[in-house]
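Just below is one structure, and these are the notes that go with it.
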Amino acid sequence: MTHDVPPGVVRLAGRAVTVWGLAWRAAPLAAVCSVLAVLAGGTTPVAAAWCTKLILDGLAGGRAVLMPTIMLGAVGLVAALLPHLTEHIDGRLRRGMALLTRERLFTSVNAFVGLASRRGRR
C-alpha cells in the first residue's frame with residue numbers, strides 16, 4: 001500500500017520549514033515561546049473541562065474539592081494571561097524577523113557591484 005503525498009502538501013511543508021528556520025534565526029526564544037503559547041492555548045479548554053469534571057465528581061461523591069478548584073483557578077489565570085503574552089511574543093518575533101529580512105535584503109543588494117553610493121566622490 002503506497003501513499004502518495006500531493007505536491008501541494010510537500011511545498012507547504014517546505015515553506016513551513018523555511019519560515020520556522022527564519023523565525024529561529026531571528027528570535028529563537030520568541031519562536032519557542034510562541035510554540036509553547038500555542039500548545040498552552042490548545043490545552044487550556046481541555047484542562048478547564050477536566051478540572052470542572054473533578055469538582056463536580058468531588059461534590060457528587062462527598063470528597064474535598066479544594067485541589068481541583070485551585071487547579072481550575074490556575075487554568076483560568078493562564079487563559080486570561082495567554083492573549084497578552086502571545087501578543088508580546090508575536091511582537092518580538094515580528095520585529096526580529098523584520099530586522100533579519102531587511103539585513104538580508106540590504107546585504108544582497110549591496111553585494112551587486114556598481115550600486116555603491118557616489119555621494120561625496122567627485
Side-chain angles (χ1 to χ4, degrees):
M1 182 185 305
T2 303
H3 296 289
D4 292 327
V5 179
V9 172
V10 173
R11 276 194 308 269
L12 180 64
R15 289 178 182 162
V17 168
T18 301
V19 169
W20 174 253
L22 182 65
W24 180 256
R25 281 185 222 93
L29 182 62
V32 169
C33 288
S34 181
V35 170
L36 292 176
V38 167
L39 292 174
T43 58
T44 301
V46 176
W50 181 65
C51 290
T52 303
K53 178 210 174 290
L54 290 177
I55 291 170
L56 293 176
D57 287 348
L59 290 173
R63 293 185 303 272
V65 293
L66 179 62
M67 203 58 193
T69 306
I70 292 172
M71 289 177 6
L72 183 61
V75 168
L77 183 64
V78 168
L81 294 178
L82 199 57
H84 304 291
L85 178 67
T86 303
E87 186 176 338
H88 176 71
I89 292 168
D90 287 346
R92 289 188 61 104
L93 195 54
R94 265 192 310 265
R95 286 189 298 276
M97 289 179 75
L99 180 65
L100 181 64
T101 54
R102 282 188 196 123
E103 178 188 354
R104 285 184 176 185
L105 174 66
F106 293 149
T107 301
S108 179
V109 168
N110 287 333
F112 290 118
V113 177
L115 289 181
S117 173
R118 295 195 182 255
R119 284 187 198 166
R121 296 182 191 176
R122 293 184 186 222

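Quick note: numbers below take in every heavy atom, side chains included, and nothing from hydrogens, waters or symmetry partners. No experiment lies behind these values; they were computed from the predicted model shown.
Put simply, W20 and V10 are part of two different groups of oily side chains (I, L, V, M, F, W, Y) that touch within less than 4.5 Å, one to the next.
Rounding to the nearest 0.5 angstrom, the gap separating the CG atom in L72 from the CG atom in L77 is 11.5 Å. Rounding to the nearest 0.5 Å places NZ of K53 at 11.5 Å from CD1 of I55.
Taking 4.5 Å as the limit, some side-chain heavy atom of L36 sits within range of a side-chain heavy atom of V32. When side chains are defined from C-beta on, L22 does not count as touching T18, because their heavy atoms never get closer than 4.5 Å. Using a 4.5 Å heavy-atom threshold, the side chains of W50 and T43 count as separate. Side-chain contact between L54 and V65: absent, with no pair of heavy atoms (C-beta onward) separated by less than 4.5 Å.
Put simply, the side chain of R104 never gets that close to the backbone of L100: no donor and acceptor are under 3.5 Å apart. In terms of modelled atom types and a separation under 3.5 Å, the side chain of T52 and the main chain of A48 share a donor-acceptor contact.
Annotation for A40 and L82: closest pair C-CD2, 3.9 Å, computed over non-hydrogen atoms. S34 and D90 get closest at one heavy-atom pair: OG-OD1, 4.0 Å. Contact record, V75 with C51: CG2-SG, 4.4 Å, taken as the closest heavy-atom pair. Between P45 and G42, the closest heavy-atom pair is CD-O, 3.6 Å. A pairwise comparison of heavy atoms in C33 and I89 identifies CB-CD1, 3.5 Å as the closest pair. Heavy atoms only, all atoms of each residue included: D57 and R63 are closest at O-NH2, 3.4 Å.
Residues forming a side-chain contact (heavy atoms from CB on, under 4.5 Å) with A27 (at least two apart in sequence, or on another chain): A30, L93.
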